[in-house]
Every structure is written in structure tokens, then in C-alpha cells.
Amino acid sequence: MTAATSPSRIGAIGRTCAGPRLDIDLAAVAANTRLFAARTPAALMAVVKADGFGHGSVEVARTALAHGASWLGVTSLAEAESLRDAGLTAPVLSWLNSMDADWETAMRRRVDVAVPGLGHLTSVVRAAASTGLIARIHLHADTGMARDGAPPEEWDRMCRLAAVAQRDGWVRVVGVMGHLARADHGPDATGRAAFERFLASAWAAGVRAPVRHLAATSATLTDPAAHHDLCRVGAGLVGIDPSGTVRLRPALRLSAPVVAVRVVAPGTGVGYGHTHVTSHRTGLATLPLGYADGIPRAAAGRGEVLVHGRRCRIVGAVSMDQTTVDVGGLPVGLGDEVVVFGPGDEGEPTPADWADWAATIAHEIVTGIGPRVRRRWHTAPAAIVRSWA
Ligand SMILES: *Cc1c(COP(=O)(O)O)cnc(C)c1O
């Protein structure tokens, strides 16, 4: 082994760490939440589906509620229940459930549910009638996604039935909601106009829903006419701006220790299939993170990590559990910390960079970090650095 790859400690520039680790900066979530709350007079819903976009649903929810959000949003009832289990009492809306979901639990735990069609509405009303509980519902209109929500031809009947069910005391129609398909590159005027038509026919059918909501992150930032009574913001709270109009603070830092180092000769094949062959004598460092941990295989040969303050490229195929980094002549030792991504302050790549390298979006990068990676939540950004041993 040469001096360049000696595992001996290298003083001030080296930080060591014990294992792969995801540091979550709740101060960033707090700052992002405040930015969104200041952008609209409407109420703010923190969308914490998919474990808070990979940042911890309960932690993100608590932080957002303390900094301007007043609602929580999730897809499944199971996600809503875990928020209630954690003691959160804010209004929670769950918008993606099968027709035979456990509506009784939703009612008992005071979880609002979205109703995307007549079948769901009938099923919810039946559950209310058989338990004597009142279901809090949001009528969900398909404003252009062709994915979820009731189409126009079903809308009027659904609204009339909902109005009757409310009069009879089975449901409380809390909201009418839509979701914009094309809000990332400026206002989605078509989707917005569709929502206005759904609102008008709901009103004509006798629905008096106090909470009308349509906007997610992009429309909250770029289209005030879409705000209505409530904005549902997910990506933005964790630092992702699909509209590209503001500077939000990314909240994740993914790092791992070097677990193997070697110096190899020119012509050395690296990893499965030898998809990379070294062109010169160089140092290779192995990270204990692979595609099962969220390192996208598609980023092979393009992705970069930060090693002792320098960008180094990943080479060869990304394995399930390991990734190889070409560290050139850098003095790298076993246990040295490598930063895969972070907010970018130290020159490390961001989730947006990884998204570019893997031809995807930052959402997929941050929600894809596997369960083997240890999570640590911080309420002050400096604590992330200080807590390194
Ligand atoms: C995920 C989701 C949101 C949040 O979208 P962002 O762009 O992440 O803010 C809002 N509404 C619905 C229906 C969603 O599925």
C-alpha cells in the first residue's frame, strides 16, 4: 500500500464516521415552511406522504406545524394513523385509499378522507351510517391528471349525493380538491379553469365546502389564483422547487465511511461486468452504499461524491450494497467520511445533481434512501457537523 492510500489518519482534513448515515436538517424544513406560509394568505398543508419525502413524516410534520402549517396531508390511512399515533392533533387529510378502506378508523381518529368517485362516497356513507360516526370528506375532482379524482361525468351525481349525505348527518363535506398536472413551468390555466368549473357545479349541487384546495408546491410559488383556501406543499418543505423560482434549503445530507481502499494499475476492470476500466494508475475507495440504499444505478460513471473537500467520480456499476469511487491520488483512509449529497455548502453534490446524473427528479432521490441508512434529525444545522465523532 502506498502512502497515498495509507489508512493512517490524515489530521485536520479527515472526518471519520461509523456507517452510512442520513442527517436531516429540520431547521431547513422550518425555514422552507416559513417561506411558503409567507407566500400565501391561504392555510398551509404540510404533505408528509412517503415518510415525509424520505425526511421522516412525524419529524417533518411537527416542524412544519411549528412554523406555519396548520394541516397535514398523506396518501394512505396507514400514514395518517402513524401521525395520530405520534400524538399529532392537527387536521390530517388522506387522499389515496381503496374503496373498502377502514373508514371507521378514519372517523374515530378524525382523519379527513378524499372521495374520488361515487363508489368511494357510497362506501364512506355506509360506514358512517353503520357506526353512527360522521365522516369528514373532501370531494376530489380530476382537474387534468387522468389519475385520481372524479371525472366531470361523475362529479354532479357525486356532489348531489354528498350534499344529501351531509343533510342527513352522515358526512361533513369539508373540502373540494383538485391537483394540477402542469404547474411546474408556469401557471396551469387549463387545470385551474377546470377546478373553477368543478367548484361551480359542486355549489349548484348544494355542496358548501369551506376548504377549496388545488395548489401544490409549484402553484403555491407561481400561481396565486390557484391558492384558494389551502395550499398542499410537500416537495417545497424539504427543499425541492419544481418551478425553479426560489432558493429553498435542501434538508438531507447523506454520507458514508470508506470501507476499502486500493491503488490499481492502468487497465484494471472495476465492479460487475467491468463496465469501467482504469486508464491510469489510481486510487479506488469503496462506499458501503448501493442501489438498495438509494444510489441510483443509472448514475454510474457520472455521479460524484465529496472526498476530503474534492469531487470524485463513481466508477463501474453501482452494486446493491457498494459503490466504487475513483479518488485519484487523494490520501484516503479507511473510515474517512464521504459525502454523497447535501445542501451543497461544502461543495458536495445536491439531490438535484444526482437527479440529473440519473435522469430523474430530486423527489425520487430523496424518497429512495433505503432503510439500512441510519437517520439522525437535527434542529440546528450546525449540529450536523458538530455531531460527527
Ligand atoms: C404529492 C401531492 C401533493 C404535494 O405535491 P408537491 O409538489 O410535492 O408539493 C399535493 N397534492 C397531492 C394530491 C399530491 O399527491
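We're numbering straight along the sequence, starting at 1. This structure is a prediction, so every number in the text was calculated from the model and none was measured. Each ligand, and each atom within it, is numbered from 1 in the order the structure gives.
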Query raised in the report: Counting both backbone and side chain atoms, is some N or O of Val47 under 3.5 Å from an N or O of ligand 1?
Result: no
Query - Check ion pair Arg376-Asp23 (N to O, under 4.0 angstrom) - result: no
Query raised in the report: Does a sphere of radius 6.0 Å around CZ in Arg84 hold more than 12 heavy atoms from other residues, nucleotides or ligands, not counting ones at 6.0 Å or beyond?
Result: yes
Report task. Between His363 and ligand 1, find which residue part has any heavy-atom pair under 4.0 Å and reply side chain, backbone, both or neither. Result -> neither
Query - Cationic N near anionic O, under 4.0 Å, Asp85 to Arg109 - result: yes
Query raised in the report: What are the atoms of ligand 1, with element, lying closer than 4.0 Å to any heavy atom of Val233?
Result: 9 (O)
Query raised in the report: At a 4.0 Å threshold, what atoms of ligand 1 neighbour a non-hydrogen atom of Lys49?
Result: 1 (C), 2 (C), 3 (C), 14 (C), 15 (O)
Query raised in the report: Considering only heavy atoms of Ala216, which atoms of ligand 1 have at least one such atom less than 4.0 Å away?
Result: 4 (C), 5 (O), 6 (P), 7 (O), 9 (O), 10 (C)
**Report entry** ligand 1 contact on Arg232 by region, counting heavy-atom pairs under 4.0 Å
**Finding:** both
Query - Test: Arg253 and Glu337 ion pair at under 4.0 Å - result: yes
Requested in this report: Using distance alone, determine whether Thr217 and ligand 1 share an N or O pair under 3.5 Å.
Outcome: yes
Query - Asp112/Arg172 salt bridge by N-O under 4.0 Å criterion - result: no
Requested in this report: Apply salt bridge (charged side-chain N to carboxylate O under 4.0 Å, His left out) to Glu104 and Arg108, showing your working.
Outcome: CA-CA 6 Å; Glu104 178 176 345; Arg108 290 202 189 283; 2.7 Å; yes
Query raised in the report: Tell me, which protein residue and heavy-atom name are nearest atom 8 (O) of ligand 1, and how many Å apart are they?
Result: Ala235 N, 2.8 Å
Requested in this report: Decide side chain to side chain donor-acceptor pair (under 3.5 Å) for Thr75 and Glu79; before the verdict, give the C-alpha distance in whole Å, the side-chain angles of both, and the deciding distance to 0.1 Å.
Outcome: CA-CA 7 Å; Thr75 52; Glu79 290 178 312; 2.5 Å; yes
Query - Under 4.0 Å to a heavy atom of Phe53 - the qualifying atoms of ligand 1, by number - result: 8 (O)
